[in-house]
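These notes are about the structure you will find just below.
Start at 1 with the first residue, then count along the sequence.
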Amino acid sequence: MGYDRSRFEILSPAGNPDKLRAAVAYGADAVYLSGQSYGLRAFSDNFNEEEMRSGIAYAHEHGVKCYVTLNVMPTEEDLTGLEHAVKFVGLESGADAVLVSDPGVFTMVRTLCPDLEIHISTQASVTNSAACNFWAAQGAKRIVLAREVSLEQIRKIRAAIPSDVELECFIHGAMCVSYSGRCLLSNYFTGRRSNGGACAQPCRWGYYVVEEKRPDKPLPVEEDKRGTYIFGSRDICMIDHVPELLEAGINSFKIEGRIKGAYYAAAVTKVYREAVDLCCSDPENYKVDPRWKEILDKVVHRDYDTGFFFDAPCDDAKIDPDKSYNKPAFVVGVTTGFDKNTGCNIVTQKNKLFKGDTLNVLMPEGYMAPVVVSELYDEEMNPVNDCPHPEMKFYMKAVSSEDGSVVELPPMTFISRDGDKDFGIPAPN
């Protein structure tokens, strides 16, 4: 017996308007985004007020909900301007819900925008049913559980709270070295306040141990060719465990990554959308499609893990000290259309590519074998051998790597090249 698909939501990150459109195109049921302040991602592009209005309207036109983050832990100084932000989100932007973590912000939202749905952010560190019931009694509709909650604990929480209180969990993406993201390293090293949204991510830096009487002789704790990363957490990846997530009673499958690119949002959204759809239709015979793991392995990520769904932090801290990010591929372009007169795909450049390149294809629907760039033209249809200029428009004739047939790629298709561009990728022979 299957599940009612309408009970479950794929919630994707939208760090800017481009990422929002990518998430919508690749199957998100909802996206979460932030204004220029109070949203805990100060270094994402985020949305100004006009962008937020138009972005939410665009999402709604495609049947996608939008949740706006106001989950900062505010200082007294942060309260200046907060009332305006709350009123804009709740009364003008068209947002479907707001995420908060601070009781004062919660009260302000309830007072100024009593009809606005409120979700309790993971920053509030909700780890039990009593806390869920507390927030529900205040008027919260949904609880984003702390990342430290296990799957077995989620089952017990679900059984002990009202059925109309929704549960949301992070099921893919980066973890933080600190409990529920409450880190002080950034504050200490740089003065950037983590709980104000300005984390400098020092957990991703390399570190040495220094003996206090020998400060000129630092020792690496444990090192590979790229450095020592004693605080870096592995990334969550729960693609193998979608049936357990559904069975546990999670309503919203949240993908981390507002700071990551549009390609990441598109790829991970596509995978989990297809996985949840398949599992809802036939949970007993759910099987991971190998193509899903191929896609997830192509995005920038740290080594994957199941987070704390099956392991307590005291048993496995999920630290990955051996390497920084895996960068197995990089996007070279995004399609915007197809010119039937020339048989060329119209593409916006994201990284340099060459005539003769073999490129991976990520489409909103379906799958395609890698394509080979057989012809390249600039915007004036002059033949070129490469496309070196950022955001340049170009025309590309692509042929299938399997049978050599000319390929028409749908709009919003990401084309990528294998390899880490930071280490230099040679042109094809």
Side-chain angles (χ1 to χ4, degrees), residues 9-71 89 93-99 121 144 168 170-174 197 199 201 235-236 252-273 295-296 298-301 325 327 329-336 347-351 362-365 390-391 410-416:
E9 172 185 89
I10 302 301
L11 177 56
S12 301
N16 62 26
D18 285 343
K19 298 172 191 178
L20 181 149
R21 287 189 288 270
V24 169
Y26 280 78
D29 297 302
V31 297
Y32 61 105
L33 59 136
S34 173
Q36 296 296 312
S37 303
Y38 309 115
L40 280 187
R41 285 298 181 270
F43 301 126
S44 182
D45 295 336
N46 297 319
F47 292 72
N48 62 36
E49 290 187 353
E50 182 52 40
E51 288 172 336
M52 188 178 292
R53 285 193 194 95
S54 60
I56 291 174
Y58 175 85
H60 286 171
E61 289 170 5
H62 292 82
V64 175
K65 292 183 177 181
C66 294
Y67 310 140
V68 176
T69 61
L70 290 174
N71 55 344
V89 170
S93 73
D96 296 282
V98 63
L99 285 96
S121 168
V144 188
E168 178 178 307
F170 283 93
I171 51 83
H172 194 95
C199 185
Q201 296 191 322
D235 283 3
I236 304 172
S252 182
F253 288 34
K254 189 169 194 173
I255 299 166
E256 181 277 336
R258 276 186 285 161
I259 294 178
K260 295 174 181 173
Y263 173 66
Y264 170 91
V268 182
T269 298
K270 177 183 176 74
V271 166
Y272 281 94
R273 176 60 189 260
I295 291 173
L296 295 179
K298 293 288 187 184
V299 301
V300 175
H301 66 281
Y325 288 103
K327 298 179 180 180
F330 59 98
V331 175
V332 294
V334 183
T335 62
T336 58
V347 187
T348 299
Q349 193 258 32
K350 297 300 178 182
N351 280 292
L362 182 75
M363 305 185 298
E365 295 183 7
E391 298 296 321
M412 197 65 80
T413 293
F414 289 84
I415 50 176
S416 63

Output all residues satisfying side chain to side chain contact (heavy atoms under 4.5 Å, CB included) with E9, sequence neighbours left out; order by chain, then residue number. L11, D29, A30, Y67, R142, S252
Can you name the nearest heavy-atom pair linking Y264 to H172, along with the distance? OH-CD2, 3.7 Å
Using the side-chain hydrogen bond (donor to acceptor under 3.5 Å, both in side chains) criterion, which residues pair with Y263? Sequence neighbours excluded. none
Nearest 0.5 Å, what's the NZ-CE distance between K270 and M363? 6.5 Å
Gap between atom CG of N48 and atom CG of N16 - 0.5 Å precision: 11.5 Å
Does some side-chain heavy atom of V347 sit less than 4.5 Å from a side-chain heavy atom of T336? no
Approximate separation, where rounding is to 0.5 Å, of K254 NZ and I10 CD1: 13.5 Å
Y26 and R273 have their tightest heavy-atom pair at O-CB, 4.4 Å
Indicate the atoms forming the closest heavy-atom contact of M412 with A25, along with that distance. CG-CB, 3.8 Å
Heavy-atom distance under 4.5 Å between the side chains of P13 and Y32, does that happen here? yes
Between S93 and I56, which heavy-atom pair has the shortest distance, and what is it? O-CD1, 3.5 Å
Expected output: side-chain T335 to main-chain T413 donor-acceptor under 3.5 Å: yes
Quick one: does any side-chain atom of E168 pair with a main-chain N or O of F253 as donor and acceptor, under 3.5 Å? no
Check the pair L33 / M52 against side-chain contact (heavy atoms from CB on, under 4.5 Å), numbers first and verdict last. CA-CA 9 Å; L33 59 136; M52 188 178 292; 3.9 Å; yes
If you take all heavy atoms of H60 and G94, which pair is closest and at what distance? CE1-O, 3.0 Å
Just verifying a value: how many Å separate L296 CG and Y272 OH, rounded to the nearest 0.5 Å? 5.5 Å
Would you indicate whether the side-chain heavy atoms of E391 and K350 approach each other to under 4.5 Å? yes
With sequence neighbours excluded, tell me which residues meet salt bridge (Lys or Arg N to Asp or Glu O under 4.0 Å) with K65. none
Closest non-hydrogen atoms of N46 and E51, given as atom of the first, atom of the second and distance, are O-OE1, 3.8 Å
So R258 and S34, do their side chains get closer than 4.5 Å, heavy atoms only? yes
Does A22 have any side chain to side chain contact (heavy atoms under 4.5 Å, CB included) partners at least two apart in sequence or in another chain, and if so, which? A262, A266, F414
Residues in side chain to side chain contact (heavy atoms under 4.5 Å, CB included) contact with E365, at least two apart in sequence or another chain: none
Rounded to the nearest 0.5 Å, what's the gap from OH on Y58 to CG on L20? Could you check? 8.0 Å
In Å, rounded to the nearest 0.5 Å, how long is the span from OG1 of T269 to CD1 of I255? 4.0 Å
Could you work out, with salt bridge (Lys or Arg N to Asp or Glu O under 4.0 Å) as the rule, every residue matching E50, not counting sequence neighbours? R53
S121 versus V144: any side-chain heavy-atom pair under 4.5 Å? no
